[in-house]
S.K.: 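Quick one: this structure, given as structure tokens, is what I'll be asking you about.
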Amino acid sequence: MTTPVRPYGDTLDDGAVQLSFTLPVPFGPRGREAARLLVEKLGFRHAEVVHSAPLAEGFSFYVAYGRTDVSVDFDAVRVEEATGERVYTMDEACAVIREKLGRKLVVVGACTGFDAHTVGIDAIMNMKGYNHHYGLERYSEVEAHNLGAQVPNERLIDYAVSVNADAILVSQIVTQKDVHVRNLTELIELLEAKGLRERFVVCAGGTRIGNKLAVELGYDAGFGPGTYADHVATFVIDRLVERAAARA
Amino acid sequence: MTTPVRPYGDTLDDGAVQLSFTLPVPFGPRGREAARLLVEKLGFRHAEVVHSAPLAEGFSFYVAYGRTDVSVDFDAVRVEEATGERVYTMDEACAVIREKLGRKLVVVGACTGFDAHTVGIDAIMNMKGYNHHYGLERYSEVEAHNLGAQVPNERLIDYAVSVNADAILVSQIVTQKDVHVRNLTELIELLEAKGLRERFVVCAGGTRIGNKLAVELGYDAGFGPGTYADHVATFVIDRLVERAAARA
Amino acid sequence: MESRLHLPPERITRGRELASRIVAPVQDFIDAHTTVTVERATLRLAGADGADADGVPVPNLVVDQVRDRLEEGALRFWVNALVRTGDDVVTLSRRVAGGFRLDGIPLADPVSLEAKAAELVSAASMRVRGNRKRREELLARHAGKNHSPLLYVIVATGNIHEDVKQARAAAAQGADVVAVIRTTAQSLLDYVPYGATTEGFGGTYATQENFRIMRAALDEEIERHGRYVHLTNYASGLCMPEIAVMGALERLDMMLNDSMYGILFRDINMYRTFVDQKFSRMVNAWAGVVINTGEDNYLTTSDAVEKAYTVLASQFLNERFALVAGLEPWQMGLGHAFEMDPALPDGFLLEVAQALMAREIFPEAPLKYMPPTKFMTGDVFRGVVQNALFNFASKLTGQGIHLLGMLTEAIHTPFMQDRYLALENAKYVMGSMAGLGEEITFRKDGVVVKRANQVLEEAVAFLEKVEGTGLMDAIATGLFADVKRPRDGGKGLDGLRKKGEGYWNPFETHLTRELGLGGGR
Amino acid sequence: MESRLHLPPERITRGRELASRIVAPVQDFIDAHTTVTVERATLRLAGADGADADGVPVPNLVVDQVRDRLEEGALRFWVNALVRTGDDVVTLSRRVAGGFRLDGIPLADPVSLEAKAAELVSAASMRVRGNRKRREELLARHAGKNHSPLLYVIVATGNIHEDVKQARAAAAQGADVVAVIRTTAQSLLDYVPYGATTEGFGGTYATQENFRIMRAALDEEIERHGRYVHLTNYASGLCMPEIAVMGALERLDMMLNDSMYGILFRDINMYRTFVDQKFSRMVNAWAGVVINTGEDNYLTTSDAVEKAYTVLASQFLNERFALVAGLEPWQMGLGHAFEMDPALPDGFLLEVAQALMAREIFPEAPLKYMPPTKFMTGDVFRGVVQNALFNFASKLTGQGIHLLGMLTEAIHTPFMQDRYLALENAKYVMGSMAGLGEEITFRKDGVVVKRANQVLEEAVAFLEKVEGTGLMDAIATGLFADVKRPRDGGKGLDGLRKKGEGYWNPFETHLTRELGLGGGR
Ligand code: B12
Ligand code: B12
Ligand SMILES: Cc1ncc(COP(=O)(O)O)c(C=O)c1O
Ligand SMILES: Cc1ncc(COP(=O)(O)O)c(C=O)c1O
């Protein structure tokens with residue numbers, strides 16, 4: 001079955017979309033027409049520039065509405081999230097660790113490179129947690145090390161080795177000019193160069209990070225906005241149990 | 001010369017555009033991914049869904065940013081406005097009428113069909129005018145008849161004939177389901193059926209009306225937001241002078 | 001409550017007094033007349049319904065048949081036919097739709113006519129009373145769940161079935177009131193279309209079936225969300241009384257109903273409107289409907305500072321016309337609007353002054369506050385800010401019914417997401433500054449206090465003038481809204497009739513009695 | 001002015017007293033120490049500039065050469081080389097960049113060293129005095145043209161030339177202040193990059209050439225629009241004093257400069273930061289720069305209600321550290337932020353209480369009010385509303401420097417259109433409700449008054465505790481911002497030196513005298 005879906009304004013399949021953008025052209029009727037043509041070229045019917053304003057010499061701003069015939073087959077849309085429907089609560093997670101691993105799970109986390117946004121990794125690791133979901137430090141069966149902000153990849157790896165970690169959790173928030181991609185890639189390359197990649201479950205997280213991107217970059221999983229400790233814990237535990245089973 | 005212009009966020013040609021739309025799908029990761037795919041299919045690179053929210057059962061809302069390579073050749077952008085750079089002031093307009101027509105210009109205006117939005121046509125015709133631009137009633141050389149709101153096309157034509165009008169000005173503000181197109185077309189068809197089309201300069205105006213649309217529909221000209229009496233007066237006078245010259 | 005604006009109570013009293021004197025002579029005129037739509041409304045109350053093959057509604061067919069004898073009241077012919085044929089109302093409606101004429105049937109004896117009429121009145125009463133009771137029960141069951149002010153959104157797709165989707169979404173998002181906007185110019189139709197409709201422009205036809213469909217959908221939403229969702233439609237226009245009846249029968253909760261809107265803004269004949277509004281308001285009063293008056297319309301054409309007093313003057317008149325039609329203060333959703341020019345320095349202060357003034361002068365009325373419209377542009381982002389300030393002003397001054405501004409006001413009738421964003425905006429702003437009104441006092445010699453006092457003075461002065469001229473001549477000479485509406489001009493005058501000696505309308509009599517009103521015949 | 005919040009003056013005095021007692025011992029430590037960047041800053045004042053082929057700046061090259069003798073002050077070596085070689089500063093800089101060493105040159109006689117130093121001090125003084133004068137002239141010429149509060153926007157493209165376009169656009173749109181945001185983590189570099197730069201992440205490198213380019217562009221905009229446009233950059237970090245010097249030389253108008261930000265939020269060693277902030281603030285004071293402190297940072301991690309007192313406590317400390325570095329009250333852009341949870345009922349009232357409290361406690365300081373950031377989401381439309389309420393609160397409480405919130409805060413560094421929309425939002429809101437602050441009084445027993453008094457109490461109590469512990473130990477034990485920063489931890493400790501007996505720094509001496517400060521050596 002295919003279910004083509006289109007944007008919806010007030011009638012099914014009307015395709016209505018709101019756009020806004022700046023053009024590097026002077027404000028005036030020609031700019032307005034250029035904006036309209038652009039919206040048309042983007043594949044919109046009924047392209048209407050409903051507002052324009054001068055921003056500066058040679059720059060102008062536009063608000064437009066258009067209608068598109070483009071559709072997405074909703075049935076074919078697949079999301080690969082790191083965790084499925086089933087997410088362990090803290091107590092469940094600890095029970096599984098006790099039962100299946102028989103020892104404490106060791107996790108090292110950090111916000112790496114020059115990134116100093118710790119709120120995200122803290123949300124995952126700190127006692128207090130986030131939105132009424134406790135962080136990993138609260139898990140009785142987890143030994144959690146939060147190295148904080150601006151941790152060089154090298155130091156993170158050394159530390160993970162020194163505490164014999166099961167999992168490494170990396171946070172990256174600043175994404176301008178794809179600095180996060182560079183930094184995440186570097187960590188994996190370093191791990192591989194040292195022959196340590198297989199030793200850890202390595203997860204990335206951040207506002208603009210998803211499972212898809214992280215997996216592409218060589219991580220075991222990626223976590224975006226709305227993640228709680230529960231999600232990462234579930235993923236790490238399941239992955240470790242899997243590995244243990246494979247080894248056995 | 002061609003000058004391809006693209007949307008501008010903070011770097012030339014970065015192609016940055018903001019979008020928002022509703023999809024008739026439930027809120028959740030799959031909806032979000034569908035939204036992202038849609039933005040990609042609209043031709044955006046780096047399609048990022050930065051916000052999603054549930055609207056109702058089976059409907060969800062998305063805010064997205066994307067970057068496009070689509071460009072418009074700014075040098076090739078042409079706008080056909082009804083009036084060019086040169087717009088008569090009220091006094092100039094009256095002087096030209098006196099000199100070139102040698103009699104008062106008779107103009108009949110109305111907001112037609114079921115449309116009751118008189119503010120626009122009043123802005124053009126009333127004494128007081130709009131934004132410190134007097135309306136046609138103030139022009140000493142213009143005899144202006146404003147028939148007001150909800151005037152049937154038939155009545156408008158009869159009236160124009162009865163006062164021996166030079167020009168008919170029609171305002172249309174409500175555009176839902178293209179009701180304005182229907183109504184504007186009807187007027188021209190009626191005029192043609194009665195063999196009166198050539199007798200009047202016929203202009204349309206309104207918030208969503210431009211010269212292009214009006215001309216397509218058989219009008220002499222069309223006027224959108226930001227129009228003042230000056231603009232219409234200039235157009236009508238020039239057109240009449242032209243015709244007189246052609247006849248002579 | 002003591003006035004926070006230091007408004008002199010005697011000036012407020014004076015305004016009321018003037019309104020009462022202005023309305024009295026108009027009331028005498030009203031009592032002596034009926035109109036085609038008052039008669040059709042009566043027939044609808046008596047069960048006339050349906051339409052013929054051309055779509056002409058049965059009430060119109062009946063009234064057209066007896067056009068020359070309308071001074072007797074159309075109901076007599078309907079009741080007589082019921083008595084004579086023994087049909088029930090549904091059958092008779094169907095027969096009339098098929099061409100059956102009522103005007104030739106010899107009259108039955110007055111006693112059986114009265115008896116039949118009493119039966120019909122009681123059937124209608126039961127239905128309307130049932131609706132009122134249902135509303136009261138639901139409101140009681142979900143007490144405390146609505147927002148204050150009530151968050152009011154419109155749907156206007158033109159298609160009742162799309163409207164339902166939009167309305168359900170709005171309910172899910174927290175709307176307290178859903179208004180179905182009428183198609184452009186329905187107010188000028190001298191009949192009410194029949195059945196479910198899917199083709200309107202800028203709105204959806206007000207039909208009884210559309211009312212029913214929407215009410216049923218919203219009732220489901222009430223259950224789902226545990227919050228009462230009010231339904232609103234428009235009475236105004238050439239069919240005010242009939243639509244009021246439809247609203248009463250289908251349990252609408254609010255209706256747009258202004259004593260002069262049709263005259264001033266739709267060029268409907270003034271005699272016609274005055275008579276129509278009275279009957280329609282009696283019906284609203286009876287049905288427990290909250291009316292929404294149209295003072296906002298003054299400011300869509302005139303300046304909100306210069307003409308603020310016209311709003312207040314009109315509120316005084318609407319209040320008086322409401323009182324004499326039996327509406328209680330809690331039913332008077334008197335209108336005003338946030339139409340201050342965003343470029344005006346301290347415009348927000350003037351707006352707050354005017355909104356609070358209305359609040360203090362009509363303390364029991366659930367004031368209906370309209371959002372910015374005329375200064376909205378295609379800049380949807382600035383539109384969001386204008387709406388935020390509007391939301392702020394409304395909560396700050398304790399308004400009752402809050403029409404949400406749409407960021408796309410200058411562009412199109414609302415998309416589903418527009419309404420969502422409007423609700424988010426209002427919920428956030430109003431939640432975050434909820435207590436501010438209670439926190440603050442205004443300087444006694446400040447801009448806000450001065451402004452409110454000035455507007456009150458101007459309104460009273462204006463009413464003095466109107467009282468001098470008489471309301472009808474005031475309208476004819478252009479004192480209101482800058483338009484001149486001659487007594488004999490405008491649409492619908494041919495539908496006016498002086499009531500004859502033998503005018504018979506047991507429904508009117510019933511309403512008059514129920515509402516404790518004197519007058520009428 | 002009498003307190004509208006009924007704050008007890010004696011508690012405010014107590015807060016100031018505590019701050020003074022807390023700062024005093026730290027000040028003693030500061031006076032006894034110098035750091036690599038204080039030395040480099042001194043060299044910069046003395047004309048050392050440029051970089052070697054690897055991009056290592058000349059001031060760093062000099063300091064590295066004399067690393068082991070820093071307790072004498074690095075300037076001696078530079079001045080000595082000038083005297084001995086007869087080079088001018090440009091030539092000597094070029095030679096040092098080429099590898100020329102200063103540490104081996106035999107010392108000239110003290111008289112010629114003093115003379116040369118006096119010459120350099122006077123050259124720097126002339127330049128800085130000239131900049132101050134130019135600013136004062138321009139401000140006087142365009143008096144009354146800036147907004148109140150000043151509308152402050154950031155540019156952060158990473159490329160100085162793009163930044164210029166963005167800044168010019170902002171100026172055209174009405175911005176009063178343009179801040180060039182620094183690239184991620186420049187604060188952790190122990191040198192200042194040299195020359196124009198085009199590659200930064202989330203911001204643009206602070207370099208002297210970038211300062212110059214932007215200043216020149218904004219000066220053109222000042223002429224074009226007849227409005228002074230302030231330029232801001234960041235002093236904070238491992239190079240605080242040097243960047244302050246660059247700002248003084250290039251006529252920056254404001255600089256981010258907090259006495260503890262580096263310690264708490266960048267894990268820079270506390271000794272290092274305390275010493276650095278003092279010198280950098282003296283330079284700011286001398287240059288007539290307004291500092292912007294970083295109290296907003298407390299609230300990006302902690303809750304704005306729970307931890308409001310930390311903001312006030314930090315303001316007291318920043319004020320004291322500023323006073324002892326010679327800054328005048330008009331130069332103290334003390335920070336705070338609108339980081340109230342939008343979901344919090346009456347959150348706006350709490351926010352207004354806190355903002356007005358800061359206004360009343362620091363009546364002469366041009367408070368720097370930061371916009372919502374942490375509760376901003378990808379919902380740009382709701383973001384616009386959050387910013388509208390922020391604009392409202394700022395104008396209502398009379399803030400001095402208003403950082404505009406961007407609707408895309410949660411998404412990217414600002415696009416040109418984002419800034420435009422932010423300016424439109426602020427101009428509209430602030431214009432429309434401009435007079436409201438003057439109009440209203442808050443109930444004496446209301447939420448706002450109570451909240452302000454409570455935060456003041458909590459701040460004083462907190463300062464009592466810090467005074468008990470001592471500032472350094474308080475930081476070490478995690479009393480501030482929930483982080484523990486051990487005395488010997490953090491970055492940059494190796495750049496700290498105890499001043500020797502013969503420490504020589506005529507610039508410091510000059511500044512101390514000019515600013516009328518005691519202490520120093
Ligand atoms: C708070 C904040 C700061 C604080 C950080 C304080 C701190 N201790 O963290 C301060 C003020 C220091 C700051 C500074 C800067 N910031 Co900042 N900051 C923000 C802000 C307002 C909120 C971020 C936040 O705390 N979100 C809340 C947390 C809970 O969400 P989260 O990080 O997404 O985390 C969740 C998930 O992503 C996930 N997750 C995150 N990490 C991980 C890791 C793992 C393993 C897992 C499983 C999950 C996971 O789980 C978390 C919980 O659900 C955002 C704007 C915004 N509203 O988003 C800008 C923002 C992130 N900052 C930005 C920038 C540019 C900067 C600066 C570079 C500016 C400058 N040039 O000075 C500096 C640089 C600092 C540095 N060196 O990195 C930009 C980034 C732009 C971009 N896309 O590249 C933003 C978007 C603002 C903007 N529009 O410019 N910032
Ligand atoms: C004021 C107003 C009203 C007033 C009108 C009062 C009056 N006497 O005009 C009232 C309250 C009565 C009203 C009612 C309705 N309105 Co209305 N209204 C508006 C509003 C707020 C402003 C319009 C306006 O006055 N603009 C100012 C004038 C000066 O601008 P303008 O008309 O564009 O005119 C300029 C140019 O276009 C040009 N121009 C215009 N005409 C002509 C003609 C000529 C010859 C020339 C040369 C130039 C010219 O010159 C003018 C000056 O520059 C707009 C929303 C908005 N902010 O735009 C909605 C709006 C136009 N209304 C709308 C609707 C749907 C309605 C109703 C149908 C709602 C309903 N179902 O009840 C009713 C129907 C009334 C009817 N029968 O037509 C929609 C239209 C949607 C659409 N695109 O189809 C809008 C956009 C609101 C919305 N988002 O839903 N409305
Ligand atoms: C009282 C009142 N009735 C009716 C309407 C609109 O209805 P119509 O356009 O159908 O007359 C309005 C609109 O603003 C109104 O205020
Ligand atoms: C006082 C102060 N300095 C500096 C900064 C940021 O600079 P950096 O990230 O380079 O440390 C901030 C940011 O919020 C600040 O408040």
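In what follows, chains carry the letters A, B, and so on, assigned in the order in which the sequence lines appear, proteins first and then strands, with residues in each chain numbered from 1.
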S.K.: List the atom of P7(B), the atom of L38(A), and the distance in Å for their closest heavy-atom pair.
M.R.: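 Shortest heavy-atom separation between P7(B) and L38(A) comes out as CG-CD2, 3.6 Å.
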
S.K.: Considering non-hydrogen atoms only, spot the tightest contact between D75(B) and R30(A) and give its length.
M.R.: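 Taking D75(B) first and R30(A) second, the nearest heavy atoms are CA-NH2, 3.8 Å.
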
S.K.: Does any heavy atom of chain B fall under 4.5 Å from the side chain of V50(A), the backbone, both, or neither of them?
M.R.: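 It is both, since atoms from each part get that close.
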
S.K.: Nearest 0.5 Å please: distance from the CZ atom of F21(A) over to the CZ atom of R67(B).
M.R.: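 Those atoms lie 15.0 Å apart.
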
S.K.: Within this structure, what is the OH-OG distance for the pair Y65(B) and S20(A), rounded to the nearest 0.5 Å?
M.R.: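 The OH atom of Y65(B) sits 6.0 Å away from the OG atom of S20(A).
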
S.K.: How many angstroms lie between atom OG of S71(A) and atom CG of L23(B), to the nearest 0.5 angstrom?
M.R.: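 S71(A) atom OG to L23(B) atom CG measures 10.5 Å (nearest 0.5 Å).
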
S.K.: Taking 4.5 Å as the heavy-atom cut-off, does anything in residues 204-213 of chain A contact chain B, and if so which residues?
M.R.: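 Near chain B, by residue number: R208(A), K212(A).
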
S.K.: Please determine, among T68(A), V25(A), T3(A), V5(A), the option with the most heavy-atom pairs under 4.5 Å with chain B.
M.R.: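 Answer, by heavy-atom pair count under 4.5 Å with chain B: V25(A).
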
S.K.: How would you list, by chain and number, every residue that makes a side-chain contact (heavy atoms from CB on, under 4.5 Å) with D220(A), sequence neighbours excluded?
M.R.: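 D220(A) satisfies side-chain contact (heavy atoms from CB on, under 4.5 Å) with R197(A), V201(A), V202(A), F235(A), R239(A), R243(A) once adjacent residues are dropped.
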
S.K.: Which one, L12(A), V17(A), T22(A), leads in non-hydrogen pairs under 4.5 Å with chain B?
M.R.: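 Ranked by heavy-atom pairs under 4.5 Å with chain B, first place is T22(A).
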
S.K.: Can you give me the closest heavy-atom contact between V72(B) and A34(A), atom names plus distance?
M.R.: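 So the minimum-distance heavy-atom pair works out to CG2-O, 3.7 Å.
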
S.K.: Could you look at E48(B) and say if it's the side chain, the backbone, both or neither that has a heavy atom under 4.5 Å from chain A?
M.R.: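 It is the side chain, since no backbone atom gets that close.
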
S.K.: Using a heavy-atom cutoff of under 4.5 Å, enumerate the residues of residues 174-186 of chain A that contact chain B, numbered in order, or state 'none'.
M.R.: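 Within residues 174-186 of chain A, the residues under 4.5 Å from chain B are Q176(A), D178(A).
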
S.K.: Using salt bridge (Lys or Arg N to Asp or Glu O under 4.0 Å) as the criterion, list what pairs up with D166(B), not counting sequence neighbours.
M.R.: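 Here the qualifying residues are R103(B).
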
S.K.: Quick check on the interface: out of D73(B), L42(B), D13(B), L37(B), who has the most heavy-atom pairs with chain A under 4.5 Å?
M.R.: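 Highest number of pairs under 4.5 Å: L42(B).
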
S.K.: Restricting to non-hydrogen atoms, name the atom on V77(A) and the atom on E33(B) that form the minimum distance, rounded to 0.1 Å.
M.R.: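 Heavy atoms of V77(A) and E33(B) come nearest at CG1-CG, 3.6 Å.
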
S.K.: If I measure from the heavy atoms of chain B, does D14(A) come under 4.5 Å with its side chain, its backbone, both, or neither?
M.R.: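 Neither part.
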
S.K.: Considering only heavy atoms, which portion of A16(A) lies under 4.5 Å from any heavy atom of chain B: side chain, backbone, both, or neither?
M.R.: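 Contact with chain B: backbone only.
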
S.K.: Does CD in E57(A) sit with more than 12 non-hydrogen atoms of other residues, nucleotides or ligands closer than 6.0 Å?
M.R.: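 Check fails, neighbour count at 12 or below.
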
S.K.: Select one option (side chain, backbone, both, neither) describing which atoms of E81(B) are under 4.5 Å from chain A's heavy atoms.
M.R.: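 For E81(B), the side chain is the part near chain A, not the backbone.
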
S.K.: If you tally heavy-atom pairs under 4.5 Å against chain B, which of A35(A), P24(A), G226(A) wins?
M.R.: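 Result: the option with the highest number of such pairs is P24(A).
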
S.K.: Name the region of Y62(A), side chain, backbone, both or neither, that has any atom closer than 4.5 Å to a heavy atom of chain B.
M.R.: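 Neither the backbone nor the side chain of Y62(A) comes within 4.5 Å of chain B.
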
